[in-house]
Amino acid sequence: INEIEGMGFIKAFSIYTFSGILNRGISFLLLPFFTHHLSQADYGVITIFSNSMFFIIPFMSMGVGETLTVEYPTLSKEELRKFISTSLVFPASVFLISSLMILVFNGIFTQLTGLSTYLLFMVCVLSVFNFLTEYLFVLFRNENKPLSFAMLSIGKTVIELSLAIYLISVVKQGYMGRVNSILVSSAAGFIVVLIYVYRNKLFVPGISKAWLSVILKRGLPAVPFFLMLFVLNNTDNYFINYFHGKNNLGPY
């Protein structure tokens, strides 16, 4: 039995490692293409756009994936449904609050980030899509489904980058080609999530107060930590963009 379990571990480890290396390898190999076809200003917009998602996602996640991984071995099917349904309160709430703030303070956010109103809303939408896709990755890992993990991960990357090549080099969309490719691949991941949740009946109406309390107790203390990391690693990009423009942010 131990030998079988050991082989299963080696197989799963190999699949996870291969998919991770392949995804990053494809992105790395395409760097010359992007640097050739995108201007410095384009890179500046993409940098601010990506950083803005890094800011929102921790508020949406609230450490839900980590909590699920810890609790998963003891969860019944019914409790798993309750946990998943309750945890979706956070991305939904953050999405609504963020969208409302963009509507109310649109001028301020546009001036501070240099992003259009459309891109600001795309930050909110893509943050939700990415949260749910990462959620499914957590489920795959806990359910010991490395092949499903690899297929979704690699498929999402291939769709995103191949579409980016087409939209940037053929359609000549510039930085919007990169944004639209991320949107399409993220939407595809979102559709896979919906299908998986529906087929496995992982969603039930209602909110569990017990699970809501657990998630808040474990997730809220981590928020200041993620904010600190964001300030240390990303705020310089916003300052350069605000005072010196996207052309100077690109090569930075």
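Side-chain atoms are counted along with the backbone in the values below, which use heavy atoms only and exclude waters and symmetry mates. Everything numeric here is computed off the predicted structure, so don't read it as measured data.
With contacts defined as side-chain heavy-atom distances shorter than 4.5 Å, the pair Ser61/Phe90 does not qualify. Between Leu163 and Asn180, the closest side-chain pair of non-hydrogen atoms is not below 4.5 Å. With contacts defined as side-chain heavy-atom distances shorter than 4.5 Å, the pair Leu249/His244 does not qualify. Thr67 has its side chain within reach of Phe83: a pair of non-hydrogen atoms, C-beta onward, lies under 4.5 Å apart. Here the side chains of Leu88 and Leu132 are in contact, with some heavy-atom distance below 4.5 Å. Looking at Asn130 and Phe190, their side chains never come closer than 4.5 Å, going by heavy atoms from C-beta outward. Counting only heavy atoms from C-beta outward, the side chains of Ile56 and Phe95 never approach each other to under 4.5 Å. At least one side-chain heavy atom of Val223 sits less than 4.5 Å from a side-chain heavy atom of Met62.
Distance CD/Glu160 to CD1/Ile165: 11.0 Å, rounded to 0.5 Å. Considering CD1 of Ile207 and OG of Ser87, their distance stands at 10.5 Å, rounded to 0.5 Å. Note that the OG atom of Ser186 and the CD1 atom of Ile191 stand 11.0 Å from one another [nearest 0.5 Å]. To the nearest 0.5 angstrom, Ser127 atom OG is 10.5 Å from Met122 atom CE. Here CD1 of Ile48 is found 9.0 Å from CG of Asn234. Values are rounded to the nearest 0.5 Å. Between atom CG of residue Asn247 and atom OG of residue Ser39 there is a gap of 7.0 Å, rounded to the nearest 0.5 Å.
Cluster membership for Leu147 and Ile10, using ILVMFWY side-chain heavy atoms within less than 4.5 angstrom, is not shared. Hydrophobic cluster membership differs between Val70 and Leu68, with clusters built from Ile, Leu, Val, Met, Phe, Trp and Tyr side chains linked at under 4.5 angstrom. In terms of hydrophobic clustering, with Ile, Leu, Val, Met, Phe, Trp and Tyr side chains grouped at heavy-atom distances under 4.5 Å, Tyr118 and Met53 are assigned to a common cluster. In the hydrophobic clustering of this structure, Leu100 groups with Leu115; members are Ile, Leu, Val, Met, Phe, Trp, Tyr whose side-chain heavy atoms approach within less than 4.5 Å, directly or through other members. Using a 4.5 Å cut-off between side-chain heavy atoms of Ile, Leu, Val, Met, Phe, Trp and Tyr, with links allowed through other members, Val184 and Val170 fall into the same hydrophobic cluster.
In terms of heavy-atom proximity, Tyr43 sits nearest to Thr35 at OH-N, 3.4 Å. Here the closest non-hydrogen pair linking Pro146 and Ile15 is O-CG2, 3.4 Å. What you find for Phe28 and Pro32 is that their closest heavy atoms are O-CD, 3.9 Å. The minimum heavy-atom distance between Val204 and Ser85, with the atom names listed, is N-OG, 2.8 Å. Annotation for Tyr72 and Asn142: closest pair CE2-O, 3.4 Å, computed over non-hydrogen atoms. In plain terms, the two heavy atoms of Ile168 and Gly174 that are nearest each other are CG1-O, 3.6 Å.
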When the side chains of residues 210-218 are checked against the rest of the protein, which donor-acceptor pairs come out under 3.5 Å, sequence neighbours left out?
| residue | atom | partner | partner atom | Å |
| --- | --- | --- | --- | --- |
| Trp211 | NE1 | Glu79 | OE1 | 2.8 |
| Arg218 | NH1 | Glu71 | OE2 | 3.0 |
| Arg218 | NH2 | Glu71 | OE2 | 2.8 |

Does Tyr238 form a side-chain hydrogen bond (donor to acceptor under 3.5 Å, both in side chains) with Ser52? I'd like the steps, not just the answer. CA-CA 10 Å; Tyr238 288 90; Ser52 299; 2.9 Å; yes
Phe131 and Tyr135: ring pair (Phe, Tyr, Trp, His ring centres under 6.0 Å), yes or no, with the steps? CA-CA 6 Å; Phe131 166 83; Tyr135 208 152; 5.6 Å; yes
Check against side-chain contact (heavy atoms from CB on, under 4.5 Å), Ser169 and Phe33: CA-CA 9 Å; Ser169 62; Phe33 168 82; 3.8 Å; yes
Leu112 vs Phe105, test: side-chain contact (heavy atoms from CB on, under 4.5 Å). Steps then yes/no. CA-CA 11 Å; Leu112 289 175; Phe105 304 105; over 6 Å; no
Checking Phe49 against Arg178 for the side-chain contact (heavy atoms from CB on, under 4.5 Å) test, could you report, in this order, the C-alpha distance in whole Å, the side-chain angles of both residues, the deciding distance, and whether it holds? CA-CA 11 Å; Phe49 182 77; Arg178 190 74 182 94; over 6 Å; no
Give the C-alpha distance, both sets of side-chain angles, the deciding distance and a yes or no for side-chain contact (heavy atoms from CB on, under 4.5 Å) between Met101 and Asn106. CA-CA 7 Å; Met101 291 181 67; Asn106 176 56; over 6 Å; no
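Using modelled atom types and a 3.5 Å distance limit, the side chains of Thr47 and Asn237 yield no donor-acceptor pair.
The 12-atom threshold is not exceeded at OH of Tyr242, counting heavy atoms of other residues, nucleotides or ligands nearer than 6.0 Å. Counting non-hydrogen atoms of other residues, nucleotides and ligands closer than 6.0 Å to OH of Tyr166 gives a total of 12 or fewer. Counting heavy atoms of neighbouring residues, nucleotides and ligands inside a 6.0 Å radius, atom CE of Met151 does not exceed 12 of them. Remark: Lys201 NZ is loosely packed, at most 12 non-hydrogen atoms of other residues, nucleotides or ligands lying under 6.0 Å away.
Taking the six-membered ring for Trp, Phe149 and Tyr16 have ring centres closer than 6.0 Å.
Considering Thr17, Val158, Ile154 in turn, Ile154 is the only one that fulfils the side-chain contact (heavy atoms from CB on, under 4.5 Å) rule with Leu22.
The aromatic rings of Phe137 and Phe140 sit tilted, their planes meeting at an angle between 30° and 60°. Phe239 and Phe243 have parallel rings, their planes meeting at less than 30° on a 0 to 90° scale where 60° marks the start of perpendicular.
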